[in-house]
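Data first, discussion second: the structure below is written as structure tokens.
Residue numbers start from 1 in every chain, and the chains themselves are labelled A, B, ... in the order their sequence lines are given, proteins ahead of strands.
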2 protein chains.
Amino acid sequence: MKGRPGSELQSVERAIEILRSFSYERPERGVSELSRELGLHKSTVSRLMRTLEQGGLLSRDPESERYRLGIDLIGLAAQVVDYIDVRQVARPFLRALSDLCQETVNLSVVDAGRVINLEQFVPQTRRIRNVGQVGRRMCMHCTAAGKMFLAYLPPEARGAQLHFPLERFTARTLTEPGELDADLDRVCARGYAVAQEELEDGLNVIAAPVRDHTGHVVAAVSVAGPAYRITPGMFPELGHQLVDVAAKISEQLGYRV
Amino acid sequence: MKGRPGSELQSVERAIEILRSFSYERPERGVSELSRELGLHKSTVSRLMRTLEQGGLLSRDPESERYRLGIDLIGLAAQVVDYIDVRQVARPFLRALSDLCQETVNLSVVDAGRVINLEQFVPQTRRIRNVGQVGRRMCMHCTAAGKMFLAYLPPEARGAQLHFPLERFTARTLTEPGELDADLDRVCARGYAVAQEELEDGLNVIAAPVRDHTGHVVAAVSVAGPAYRITPGMFPELGHQLVDVAAKISEQLGYRV
DNA sequence: AACAGTGTTGCGTCTTACGAAACAATTATA
DNA sequence: TATAATTGTTTCGTAAGACGCAACACTGTT
């Protein structure tokens, strides 16, 4: 193993780091901009980005000459088979729910101790909406989906998770293990989880569990929106809608109560 | 420039080659399998795949220990902004058309002289269906979408394209420039293109043009299915349905006749 | 015209990637 | 059950390839 533990091929890692530097907020990046951000020489970044462009993972705007993520990524993503069953089964349900409640609906799974959004349906009529969340990895203790996964863990596993330091994101983030534990008990009692401005100020999210044929919680369906629209008074109704949708998805995945 | 013209960083190119080796037919690959296929030493492939796994672009099945494409690709693909307007506008139309005609519906664009499918809607009720086409790049002369793009090129550009060797894929592939040119004229006259077992035996496809606000053809909408279901007698009706759907998409992109 | 910033290219250096060989584990075959 | 074949990983030495520096060309701003 080289000087950097857990590392393999440095230039491939750098290429991946470049790909990850693009976001919904920053769809176009320049060589010098990334050179500064990644702490690499601009000739190094230039060669890496050109190689990614030649390979189709980046494209270059002919006018601005800056780089964007390439359409070949769409093709690669379409070949991803992990969670394919739940993603395919869930899509029409998520779309219908988004249309019904006129808020952003997500499908999340756990990966490497974080929750990550795999599908997102955003109502087109709203101007204020929670977009660009697909692929986003978030801590579990301060997201509705994450808390839902934690809630249904066996007691030992839940205990182990609560022993990690709980990072504060907002004034409302639960950072005391005892408080979080009690909240997770309430999740089990209600059947759905709530994150009220715990990840971001002004953002409320509710989530319900999707189970596979073995009963294992494999995904979470959630509704997200601004706090002035998704008020606490609406939590029970939205929660029940989510539980209902999640149950239908679970049923199609072979789950029987 | 190194010994291989047009090349930049060899290990990044190799990593991309590994990503491209996965397909709908081969969602799982092993180290030795790819070593043979790519002509690289298995220790090289092993390191490349581990680096891609650590970076989230591959995942490893804990049981088979073989590699798959990783879910982080979903997140990257979601950040791709190229053709984002036409993709977003087209989606509900494509889904509705797929439901209506009960066949696979695609959205294609031209990239580097080939057509590539960016969106695909597959009817769930059919057992025989044309799946796994997103990301697939195909020659233009033998695909409905490709012929549609060629048909609406300015005369000089069309002429230039016809001077390239036209590869034969089936007994029905048009490989004589004069024959293809005449067929393209018919595309313009009808308003839609047809590929009747020209790319693959048993596969029939019909395509219509999507235009942006400037009138430029930016994408193609197509219906694909087995030849015993999409028979020549159905071409006119399906063609008109496609022209109609493509016109609606074009209108939302700002195109005015 | 001068300056600042961006991105590319040539070059020399040396770090990193590579392949060979050996090894451990698993699977297939007899 | 024993043996053979295959897979994937690790160590090691080598050199090919990646890297950073400096110079350059181009664009935009003052």
Of the nucleotides D:dT9, C:dA17, C:dG7, which one has an atom closest to the side chain of B:V31?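 Within the option list, the nearest is D:dT9.
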Which nucleotide in the set C:dT8, D:dC19, C:dA17 lies at the smallest distance from any side-chain heavy atom of A:T44?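 Closest nucleotide to the A:T44 side chain: D:dC19.
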On the nucleotide [N], are OP1 or OP2 found under 4.0 Å from the side-chain N or O atoms that [X] carries?
X	N	result
A:R29	C:dT6	no
B:S32	D:dT6	no
A:Q10	D:dC19	yes
B:S11	D:dA18	yes

How close or far is atom [atom2] of [N] from atom [atom1] of [X], stated in whole angstroms?
X	N	atom1	atom2	answer
B:I18	C:dC18	CD1	C1'	13 Å
A:R60	C:dT6	CZ	P	14 Å
A:E28	C:dT6	CD	P	15 Å
A:D61	C:dG7	CG	C1'	15 Å
B:E8	D:dC19	CD	C1'	13 Å
B:L34	D:dT9	CG	C1'	16 Å
B:E33	D:dG8	CD	P	8 Å
B:L9	D:dA16	CG	P	17 Å

Test side chain to side chain contact (heavy atoms under 4.5 Å, CB included) on B:T44 and B:R14; report intermediate values, then the result. CA-CA 10 Å; B:T44 300; B:R14 285 178 166 176; 3.9 Å; yes
For the base of C:dG19, is there a side-chain donor-acceptor partner from B:R47 under 3.5 Å away?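 Present.
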Hey, could you give me the OG/CZ distance between B:S21 and B:R29, rounded to the nearest 0.5 Å?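 That separation rounds to 4.5 Å.
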So, taking the atom named CG in A:L38 and the one named CD in A:E17, what distance separates them when rounded to the nearest 0.5 Å? 5.0 Å
Does the [X] side chain pair with the main chain of [Y], one donor and one acceptor, at a distance under 3.5 Å?
X	Y	answer
A:S35	A:L40	yes
B:R168	B:A171	yes
B:R20	A:G55	yes

Heavy-atom contacts under 4.0 Å between residues 36-43 of chain A and DNA chain D, which residues?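 By residue number: A:H41, A:S43.
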Close residues, residues 62-72 of chain A, relative to DNA chain D [heavy-atom separation under 4.0 Å]: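 DNA chain D contact set from residues 62-72 of chain A: none.
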Would you mind reading off the bend of the helix from C:dA1-D:dT30 to C:dA30-D:dT1 from its two end axes, five pairs each, to 10 degrees? 50°
Dump the intermediate steps for salt bridge (Lys or Arg N to Asp or Glu O under 4.0 Å) on B:E28 and B:R60, then the final yes or no. CA-CA 9 Å; B:E28 278 201 348; B:R60 195 167 197 186; over 6 Å; no
From A:Q120, A:Q133, A:E119, residue fulfilling side chain to side chain donor-acceptor pair (under 3.5 Å) relative to A:N106: A:Q120
Partner of B:R211 by side chain to side chain contact (heavy atoms under 4.5 Å, CB included), out of B:V217, B:L253, B:V86: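 Answer after filtering B:V217, B:L253, B:V86: B:V217.
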Determine, step by step, whether B:D82 and B:R87 satisfy the salt bridge (Lys or Arg N to Asp or Glu O under 4.0 Å) criterion, reporting the C-alpha distance in whole Å, the side-chain angles of both residues, the deciding distance to 0.1 Å, and the verdict. CA-CA 9 Å; B:D82 287 350; B:R87 283 156 52 204; over 6 Å; no
Side-chain contact, heavy-atom cut-off 4.5 Å: B:L153 with B:Q161?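 Yes, close enough: below the 4.5 Å cut-off.
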Measuring only between side-chain heavy atoms, which start at C-beta, is B:M140 closer than 4.5 Å to B:K147?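 When only atoms from C-beta onward are counted, B:K147 and B:M140 do not touch, as no gap falls below 4.5 Å.
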Assign each of A:R50 and A:V12 to its nearest nucleotide of DNA chain C by heavy atoms, then name whichever residue's nucleotide is nearer the 5' end. A:R50
